[in-house]
Amino acid sequence: MKSVFMVAEKPSLAQSLAKILSNGSMNSRKGMNGACSVHEFTGRFRGETMRMKMTSVCGHVMGCDFVGKYNNWDKVDPVELFTAPIQKKEANEKLRMPAFLAKEASGAEYLVLWLDCDKEGENICFEVIECVENVMTRVAGQQVFRAKFSAITDQEIKGAFNNLGAPNKNESLSVDARQELDLRIGCAFTRYQTKFFQGKYGDLDSTLISYGPCQTPTLGFCVERHDKIQSFKPEAYWVVSTQVQLPDGKSMKLDWERVRVFDKEVAQMFVNLIRSGDKACVLDTVQKKGEKTKPLALNTVEMLRVASSGLGLSPHHTMQIAERLYIQGYISYPRTETNNYPDSFDLKGTLRQQQDHPNWGSFVRKLLQEGMKQPKKGQDAGDHPPITPMRCARESDLEGDSWRLYDYITRHFIATLSPNCYYLQTTVFFEIGSEQFSCTGKVLQDPGFTEIMPWLALGEDEEIPTLKKNTMLDVEEVKLIDRQTSPPDYLSESELITLMEKHGIGTDASIPVHINNICERNYVSIIPGRKLQPTNLGIVLVHGYQKIDSDLVLPTMRSAVEQQLNMIAMGQANFYEVKQHAIDIFHLKFRYFVQNIPAMDELFEVTFSSLADAGRPISRCGKCRRFMKLVEAKPARLHCSICDSTYSLPQNGNIKLYKELKCPLDEFELLLWTTGAKGKSYPLCPYCYNNPPFKDMRKGMGCNECSHPTCPHAFSQNGVSECVECERGILVLDPTSAPKWRMCCNK
DNA sequence: GCAAGGTC
């Protein structure tokens with residue numbers, strides 16, 4: 001019997017697809033890599049009964065990187081990265097994906113690709129083909145097919161299977177081009193900046209001064225807001241505050257139709273005008289029905305916004321929690337752009353799962369009884385259905401933030417099927433001495449969905465009386481109040497997400513990563529209310545780009561590049577030409593940036609202190625015998641101001657002088673690195689650590705004798721260690737025993 | 001030690 005090999009983008013999808021295509025009768029087993037499952041069944045394909053095998057990858061099979069020596073920061077000038085050779089390598093070596101695919105596809109006559117229907121998915125199609133084409137059985141005619149589907153429903157999937165096409169090479173090539181561009185540009189700028197500024201300053205407090213086409217514009221948004229705050233000039237303005245007495249004797253404040261004026265004399269004139277009319281005359285009373293609409297079905301970015309502003313959770317943390325809730329079966333797939341339920345979605349069934357819930361069961365039962373409402377019509381991006389609860393969980397089933405996120409997702413889902421919130425709005429218009437005023441009040445009529453999302457509820461009822469036209473009221477007060485305009489606040493995380501989405505910076509899956517990056521690199525700090533306040537480092541970076549080449553930080557840069565790449569995807573432009581053109585432009589931009597780096601450096605100079613001024617003396621240099629300074633700001637390193645040399649150190653630990661012992665090889669004083677909780681420690685020579693003394697020694701090399709992490713031989717990465725025998729001598733690696741190093745005592 | 005994009 002012939003066989004068909006099928007591949008989805010992720011394990012969960014392979015399972016759903018196999019279930020549909022096999023009508024629920026399949027044999028499943030774990031694949032050899034432990035991550036992917038294989039589902040087998042028999043079915044009909046091209047008029048024949050065949051063996052079907054459905055499995056998946058885990059996202060991209062391959063990634064790209066520079067070849068060998070170009071990964072060495074010390075041996076390669078970053079400008080070479082624009083022309084350096086690039087290779088594809090396994091995205092995750094542990095998964096052994098190419099081997100797994102080749103093994104499972106072996107002998108199959110047909111390949112059906114069920115990867116996500118976007119450009120990345122198209123690119124993964126060709127990665128899969130590359131892995132399996134040589135192990136398939138050759139038969140006449142088309143052997144490789146592409147399924148195009150827009151929802152994971154019976155009808156859609158079976159329809160796609162009966163109407164297969166071919167993978168789209170152009171779309172895949174546009175992804176190849178993007179990967180290569182991002183790699184060359186990002187790495188060239190990052191390495192250059194990092195080396196330049198870390199070689200000069202001691203208090204940057206970031207292990208990396210990175211640049212990227214997504215992270216840098218993301219930082220740009222935060223600094224833009226900071227600049228607005230800094231350059232804000234408060235302006236004085238005046239408002240007229242008036243109060244009238246109602247027929248029942250109560251007082252009521254009125255809103256001035258002019259709201260405010262920016263000229264004191266004009267304001268005073270209005271006050272005089274108003275005071276000249278002793279009564280307030282009712283011009284009209286208008287009543288209208290107001291409506292607060294329920295939310296759209298939940299997609300990823302909306303979830304991230306709400307989690308940040310409402311739950312105080314970072315996007316990165318939110319995705320980690322959502323991922324876990326998904327794996328445990330509590331919610332649907334959490335990465336989706338779609339905020340419209342597909343027609344086949346079992347809304348009622350999903351709602352019924354929640355009807356016995358202690359927190360919202362009674363609301364759900366009432367909703368089911370009175371008839372749930374149609375959800376609002378949103379956008380279908382063709383990826384996954386909106387994020388919804390998949391089974392009922394109580395507060396005791398989940399912990400802390402997991403519960404809070406599940407609680408939100410479920411309330412949001414219920415709200416999308418609830419009625420809108422209705423209220424009655426009454427506005428009374430007044431005239432006092434030819435100036436107009438009004439007063440508005442809202443009275444709740446039906447809370448609708450706000451009952452399940454109480455934080456969106458209308459405020460307290462503000463009932464105001466309906467007053468007949470021409471009613472005259474006493475004016476109790478006419479006051480001139482002086483105020484000042486206030487600066488905007490720092491950019492909130494949820495505003496940032498909106499800006500990124502609007503400018504096409506990052507994707508639903510990568511937006512949290514970019515935001516996390518600019519926090520971890522210490523370009524911004526999170527202040528209360530999850531607002532992003534740029535640090536000095538973040539500010540001088542962005543201002544520096546603006547001085548040298550503002551394109552580098554412009555939010556339009558990413559979309560401009562993507563537009564070019566879309567030409568490749570649509571077959572309207574040649575892959576090599578477009579890619580080379582973009583590389584050439586950024587190559588020039590890079591050279592220009594390097595030439596003009598003093599413009600950015602001027603900003604660094606006034607903000608940061610030089611390496612020579614930073615740090616505290618700790619140990620003697622083996623060359624000049626003077627004390628070197630330990631620079632403790634990230635990345636921790638040693639600096640000898642006499643030799644003007646910097647020596648990197650192991651990170652994330654404490655560095656102390658080690659018994660004032662000297663390295664027998666180079667006379668540098670030894671240091672002891674210790675790390676907190678587990679109390680790991682080892683002595684090292686700062687020179688040997690950076691310049692391995694023996695051939696074939698690499699940084700971070702473990703024990704080459706027994707590879708045990710606590711074995712004293714593990715110190716071999718530094719070339720020296722305390723002698724385990726006499727505890728007095730120093731062990732050095734014996735190069736005569738290469739390639740198996742051996743320690744020998746110098747005493 | 002670099003980017004951004006998939007996903008676990």
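Just so we're on the same page: letters track the sequence lines, and every chain starts at 1.
- The ring-ring contact (aromatic ring centres under 6.0 Å, His included) check on A:F604 picks up A:F197, A:Y201, A:F608, with sequence neighbours excluded.
- In this view, A:N596 satisfies the side-chain hydrogen bond (donor to acceptor under 3.5 Å, both in side chains) rule with no residue, not counting sequence neighbours.
- Looking at heavy-atom distances under 4.0 Å, A:P11 makes contact with sugar-phosphate atoms alone, never a base.
- Residue A:L81 is classed as having no contact, given no heavy-atom separation below 4.0 Å to the nucleic acid.
- Not counting sequence neighbours, the partners of A:P167 by the side-chain contact (heavy atoms from CB on, under 4.5 Å) test are A:L113, A:E122, A:C125, A:F126, A:I129, A:V144, A:R146.
- Residues A:Y70 and A:I327 each lie close to DNA chain B; by heavy-atom proximity, the contact nearer the 5' end of the strand is made by A:Y70.
- Both key distances under 3.5 Å define a Watson-Crick or G-U pair, and DNA chain B has no stretch of 3 or more such consecutive pairs.
- The side-chain hydrogen bond (donor to acceptor under 3.5 Å, both in side chains) check on A:Q546 picks up nothing, with sequence neighbours excluded.
- When heavy atoms are screened at a 4.0 angstrom cut-off, A:Y211 is found touching the sugar-phosphate backbone but no base atom.
- Listed in residue order, the members of residues 498-516 of chain A having a heavy atom less than 4.0 Å from DNA chain B are A:G506, A:T507, A:A509, A:S510, A:H514.
- Once you apply a 4.0 Å limit to the heavy atoms of chain A, the touched nucleotides of DNA chain B run 5' to 3' over B:dG1 to B:dC8.
- Within 4.0 Å of A:E9, counting heavy atoms only, lie sugar-phosphate atoms of the nucleic acid but no base atom.
- For A:F586, the ring-ring contact (aromatic ring centres under 6.0 Å, His included) criterion is met by no residue, not counting sequence neighbours.
- Among the atoms of the strands shown, none is found under 4.0 Å from any heavy atom of A:R184.
- A:H39 is linked by a ring-ring contact (aromatic ring centres under 6.0 Å, His included) to nothing, counting only residues two or more places apart in sequence or in another chain.
- At a threshold of 4.0 angstrom between heavy atoms, the contacts of A:N71 include nucleobase atoms, whether or not backbone atoms are also involved.
- Applying the side-chain hydrogen bond (donor to acceptor under 3.5 Å, both in side chains) rule to A:E133 yields no partners; only residues at least two apart in sequence or on another chain are considered.
- Counting any heavy atom pair closer than 4.0 Å across all strands shown, A:D65 reaches a base atom.
- Between A:Q198 and A:C58, the residue whose closest nucleotide on DNA chain B is further toward the 5' end is A:Q198.
- At the heavy-atom level, A:Y333 lies under 4.0 Å from the strands shown only through sugar-phosphate atoms.
- A:H543 pairs by the ring-ring contact (aromatic ring centres under 6.0 Å, His included) definition with nothing, not counting sequence neighbours.
- Between A:E120 and A:R178 there is a salt bridge, since at least one side-chain N of the basic residue sits less than 4.0 Å from a carboxylate O of the acidic one.
- A cation-pi arrangement, defined by a distance under 6.0 Å to the six-membered ring centre and an angle within 45 degrees of its axis, is present between A:R391 and A:Y330.
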* To do: Starting from the C-alpha separation in whole Å, work towards a yes-or-no answer on ring pair (Phe, Tyr, Trp, His ring centres under 6.0 Å) for A:Y192 and A:Y211.
  => CA-CA 10 Å; A:Y192 173 73; A:Y211 176 85; over 10 Å; no
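- Using a 4.0 Å heavy-atom distance criterion, A:C64 is classed as a base contact.
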In a table with atom names and distances, give each donor-acceptor pair under 3.5 Å that connects a side chain of residues 501-509 of chain A to protein atoms at least two apart or in another chain.
unit_1	atom_1	unit_2	atom_2	d
A:E501	OE1	A:R305	NH1	3.2
A:H503	ND1	A:L499	O	3.0
A:T507	OG1	A:A509	N	3.3
A:T507	OG1	A:S510	N	3.2
A:T507	OG1	A:S510	OG	3.3
A:D508	OD2	A:T336	N	3.4

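- Within the 4.0 angstrom heavy-atom criterion, base atoms lie near A:A91.
- Contacts of A:R558 with the nucleic acid, taken as non-hydrogen atoms under 4.0 Å apart, involve only primed sugar atoms and P, OP1 or OP2.
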